[in-house]
Amino acid sequence: MLQLLFAVAFSAAPLTLYVPPVRSLNPFVEAIETMLRETSSYTVTTFPRIRLAFSRVLSSLLRRPRR
């Protein structure tokens with residue numbers, strides 16, 4: 001049982017290198033929120049255009065006569 005505990009502990013140890021400490025998460029979350037806030041104005045106008053372009057392409061493919 002002790003061997004299993006050590007195996008799990010040492011296999012999870014490298015994963016802790018990828019998780020930042022809690023004190024550095026705050027600036028990261030703040031930067032993500034700022035980026036999302038700034039890009040939201042672009043996405044409001046871009047998504048309807050993408051949907052319109054996709055629907056036009058799809059409708060033209062559906063109207064094409066098959067041979």
Side-chain angles (χ1 to χ4, degrees):
M1 188 68 178
L2 186 61
Q3 292 172 347
L4 177 66
L5 179 67
F6 282 135
V8 170
F10 285 115
S11 66
L15 296 177
T16 59
L17 298 174
Y18 297 111
V19 178
V22 175
R23 67 178 179 267
S24 68
L25 278 178
N26 243 0
F28 175 73
V29 170
E30 185 178 346
I32 294 295
E33 287 177 349
T34 304
M35 185 188 72
L36 289 176
R37 202 176 305 119
E38 289 176 358
T39 59
S40 65
S41 61
Y42 296 114
T43 57
V44 167
T45 59
T46 304
F47 282 145
R49 290 180 184 177
I50 292 173
R51 282 183 29 206
L52 179 64
F54 182 72
S55 66
R56 286 181 179 174
V57 168
L58 190 62
S59 65
S60 70
L61 289 175
L62 293 175
R63 279 188 273 154
R64 182 178 296 171
R66 298 183 183 197
R67 294 181 185 183

[X]: what forms a side-chain contact (heavy atoms from CB on, under 4.5 Å) with it, not counting sequence neighbours?
{"X": "Leu5", "answer": "Leu2"}
{"X": "Arg51", "answer": "none"}
{"X": "Gln3", "answer": "none"}

Give me the other members of the hydrophobic cluster that Leu52 sits in, counting Ile, Leu, Val, Met, Phe, Trp and Tyr linked by side-chain heavy atoms under 4.5 Å, directly or via other members. none
Nearest 0.5 angstrom please: Leu58 CG to Leu62 CG, how far? 4.5 Å
